[in-house]
Every structure is written in C-alpha cells, then in structure tokens.
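The structure appears right after this line, and notes come after that.
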Amino acid sequence: MAEAFPVTEGGERAKALWSSGDYPLIAERFEPVADDLLDAAGAIAGRRLLDVAAGTGNVALAAARRGARVLATDLTPRMVELGRARATALGIEIEWKEADAASLPVPDGSVDVVTSCFGLMFVTDPVAVIDELGRVLHPGGRLTMVNWEPGRASQRLFEPLRRRLPLPPGPASTDAADPVDPGDWGRSEVIEGWLGSAFTEVACTRRPFSWDFPTAGQAADYFLSASPMHACALAALPGEEHAAVRAEVETMLSEFSTGGPVSVSSPYLLVTAVRAGS
Ligand SMILES: C[S@@+](CC[C@H](N)C(=O)[O-])C[C@H]1O[C@@H](n2cnc3c(N)ncnc32)[C@H](O)[C@@H]1O
C-alpha cells in the first residue's frame, strides 16, 4: 500500500500537503469569497486585522485595499512566500509571518479583526485555536470566517483516491466519526458551541459557491493538478494508477453536467462573532 496521505498533524506533514499542487489556481476562484467575508466584517479601515491561515493572501490583500493594517499568517512557508511575493508585486503593504493558528505571534488583546477564509477549518485542535483567537482579540473585536459545509459534492472527488490510499482523518475527511472533522466548521451548532462564552453575537449564514468548468475533463485535470489535497494524494500513488484515477474523477464530474459545462455546488458557512468582555 502507498504511504498514508500526509494530512493528519500540524507541522511538517501539513506543510508538505499545503505546498502540493498549484494553490494560486485554487485561490483565484476564492476572490469573490474574500470580498463576501470582508463585507461581513464591518468597517475595517484603519483597524488592525489579522488574517489567519492566509494562504496566498486573497483576504489580506482585499483588506489592505480597504484600508486595514494587515498581518497575514500561515503555517506553510510556501504560502507565506507566495503571498509575500504577490503583495510586493502589487505594491500593497502587508506584514507576513509563518505561524500555527494555535500560537499566533501577537500580544493579548492587540487585534481588532480576525479573518480566516477556508483556513481555520483545517487545524487539528479547533478548541485551542478558538482560545487563541479569543486571546488576540480585544473585547468588542470581531471574528469573521468562512468554512466549507460538510458533505459538499466536491468531497466525493476524493473517493477514487480513498479507494487506493489509507486516507486518515483530516482535510479529506468525509466521515463524521473522525476525531478531526473539518466539516464541523461548517455546522452552525458546532461553531456556536466552540465559540462558547468567549464570543457573543454569533451569526452563521449559508452562502452558495460552485466550481464551474467548460468540461468534466478540464475539471478533473484542474482538481488533480491544482488542489493541494488531490495533488498530494495522487503523488503518493504509483504513476501507472494515475490515468485510472483521472478517468474515475472525470466520470464523477460528468454527473454534474448535462453534457457540456460542469458546475459542482459547494456552499460555505459565513460566521461572524464579537469577542465578549469589557
Ligand atoms: C484552503 S487554504 C486557504 C488559504 C486562504 N485563506 C485562501 O482563502 O485562499 C488553507 C490554508 O490553511 C493553512 N493551514 C493549515 N493548517 C494550519 C494551521 N494549523 N495554522 C495556520 N495555517 C494553517 C494552509 O497552509 C493553507 O494555506
């Protein structure tokens, strides 16, 4: 059997996962989501905004354009490198730091706004991370995040890989019994429990999103080469199995089409909350 899909832990294996594929091609599809998230964050001009699990900087860049003073953090050095280079090329001032979401490099109560776009949902200890967000935000500070809904159609695209690899719990999980289920971040009742008494004014809204492609074949090539999770898992398989995986993924994707364009619905949960206390 091929080596296990390297996704369960924070640290080195997660960094290897998130350095796989071609993430900027994924991130470009999330730019409207970053705007949706910031519209919900309220007034941010002049505010100290911390974007956690910032990836290549969609939210950080959009926030800086809206006048926020932005610190962008991410666990993965490759993401920080790409994000920093992107901001520099655009002439936009953002501070970048490598950091695990459970240990953020800022003092207590020093942040006005925390944001995260499809980032917090991939940490391994949600409760520790929520505690950390509560530590860095001052009372009245705002948390705004978006997380994929559980059971979204695009998760089915892991099945051809899952049949061949021992995928452990983690980002590719489709199993509600897993101890780390990223889908929990898309369940409002779970989020409300995690935020607990440290946050007030919790609001969760379901938003539509779809992955759209001209053909199922183009969609299969996109996911298998650009998506870090798919690319990482595919790379763990012997080369002679790649064509069969691609064919199975294309067949699945063709179910989201009536012969032409493909549209895979993947709603997300938009969450806003305010740090409690005075
Ligand atoms: C799906 S990407 C989202 C990136 C970005 N927010 C965006 O909207 O494109 C998930 C990100 O979470 C980061 N990540 C995963 N685990 C993390 C952790 N424990 N602490 C901080 N970042 C983490 C990954 O490196 C990756 O950049």
Side-chain angles (χ1 to χ4, degrees), residues 6-38 40-41 49-64 70-87 94 96-106 113-133 136 143-149 152 154-155 158 169-173 180 182-183 185-186 207 209 211 223 226-232 266 268-271:
V7 297
T8 51
E9 304 293 331
E12 297 312 309
R13 294 198 300 168
K15 290 176 189 174
L17 162 70
W18 289 108
S19 302
S20 303
D22 190 352
Y23 191 74
L25 283 181
I26 301 288
E28 69 185 23
R29 290 177 177 251
F30 296 160
E31 287 183 17
V33 182
D35 282 327
D36 188 28
L37 185 159
L38 288 174
L49 183 145
L50 170 63
D51 188 41
V52 182
T56 51
N58 279 358
V59 171
L61 288 163
V70 180
L71 169 61
T73 60
D74 197 282
L75 177 74
T76 306
R78 178 69 182 145
M79 290 292 192
V80 171
E81 184 188 339
L82 288 169
R84 190 180 274 136
R86 188 178 172 203
I94 290 171
W96 284 89
K97 287 188 179 170
E98 283 171 30
D100 191 308
S103 180
L104 295 165
V106 295
V113 181
V114 168
T115 53
S116 193
C117 179
F118 304 134
L120 292 175
M121 63 180 298
F122 297 117
V123 305
T124 50
D125 188 344
V127 173
V129 168
I130 298 280
D131 275 357
E132 182 66 349
L133 303 184
V136 303
L143 167 64
T144 308
M145 61 181 161
V146 300
N147 304 314
W148 294 120
E149 276 202 350
R152 62 194 183 280
S154 55
Q155 273 187 300
F158 285 110
S173 174
V180 179
W185 289 84
R207 301 288 217 211
F209 179 88
W211 298 94
F223 283 115
S227 158
M229 290 178 220
H230 292 88
C232 185
S266 287
Y268 60 85
L269 193 71
L270 172 66
V271 181

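Order of appearance sets the numbers: ligands from 1, and atoms from 1 within every ligand.
Scanning G119, S227, A101 for the heavy atom closest to atom 20 (N) of ligand 1 points to A101.
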Below 3.5 Å, can you tabulate the donor-acceptor pairs from side chains in residues 76-87 to any protein atom, sequence neighbours excluded?
| from | atom 1 | to | atom 2 | distance (Å) |
| --- | --- | --- | --- | --- |
| R78 | NH1 | E81 | OE2 | 3.2 |
| R84 | NH2 | W96 | O | 3.1 |
| R86 | NH1 | T56 | O | 2.8 |
| R86 | NH1 | N58 | OD1 | 2.9 |
| R86 | NH2 | E31 | OE2 | 3.2 |
| R86 | NH2 | N58 | OD1 | 3.0 |

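Geometrically, ligand 1 and C117 share a nitrogen or oxygen pair separated by less than 3.5 Å. Between L75 and ligand 1, a contact under 3.5 Å exists for at least one N or O pair. Looking at ligand 1, you'll find an N or O of Y23 within less than 3.5 Å of one of its N or O atoms. Between F30 and ligand 1, no pair of N/O atoms sits closer than 3.5 Å. Polar contact check, T56 against ligand 1: no nitrogen or oxygen pair lies under 3.5 Å apart. Among the atoms of D51, none of the N or O lies under 3.5 angstrom from an N or O of ligand 1. Between A53 and ligand 1, an N or O atom pair is found at a separation short of 3.5 Å.
Side-chain N or O atoms of D100 include none that pairs as donor or acceptor with a backbone N or O of L75 at under 3.5 Å. In this structure, T144 contributes its side chain and L37 its backbone to no donor-acceptor pair below 3.5 Å. Listed for the S103 side chain is no donor-acceptor partner under 3.5 Å among the backbone atoms of A99.
Each of the atoms 20 (N), 21 (C) of ligand 1 lies under 4.0 Å from some heavy atom of A99. Every atom of ligand 1 is numbered from 1 in the order shown, and the set under 4.0 Å from a heavy atom of F122 is 1 (C), 10 (C), 16 (N). Proximity to D100 (heavy-atom distance under 4.0 Å) selects the following atoms of ligand 1: 19 (N), 20 (N). For ligand 1, the atoms lying closer than 4.0 Å to a non-hydrogen atom of V123 are 18 (C), 19 (N).
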Mind running side chain to side chain contact (heavy atoms under 4.5 Å, CB included) on V70 and L61 for me, showing each step along the way?
-> CA-CA 8 Å; V70 180; L61 288 163; over 6 Å; no
Could you please spell out the steps behind the side chain to side chain contact (heavy atoms under 4.5 Å, CB included) verdict for L120 and L133?
-> CA-CA 10 Å; L120 292 175; L133 303 184; 3.7 Å; yes
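Using cut-offs of 30° and 60° for the angle between ring planes, the W148 and F118 rings count as parallel.
Atom CH2 of residue W211 and atom CZ of residue F223 lie 5.5 Å apart, to the nearest 0.5 angstrom. With rounding to the nearest 0.5 Å, the separation of OH in Y268 from SG in C117 is 7.5 Å.
The closest approach between a heavy atom of A102 and any atom of ligand 1 is not below 4.0 Å. Within the 4.0 Å heavy-atom cutoff, A14 does not count among the residues contacting ligand 1. Distances shorter than 4.0 angstrom do not occur between any heavy atom of V59 and any atom of ligand 1.
Using a 4.0 Å cut-off between heavy atoms, A54 contacts ligand 1 through its backbone alone, with no side-chain atom that close. At a heavy-atom cutoff of 4.0 Å, ligand 1 is contacted by no atom of P228, backbone or side chain.
Within the 4.5 Å cutoff, the side chain of R207 has no heavy atoms near those of the V146 side chain.
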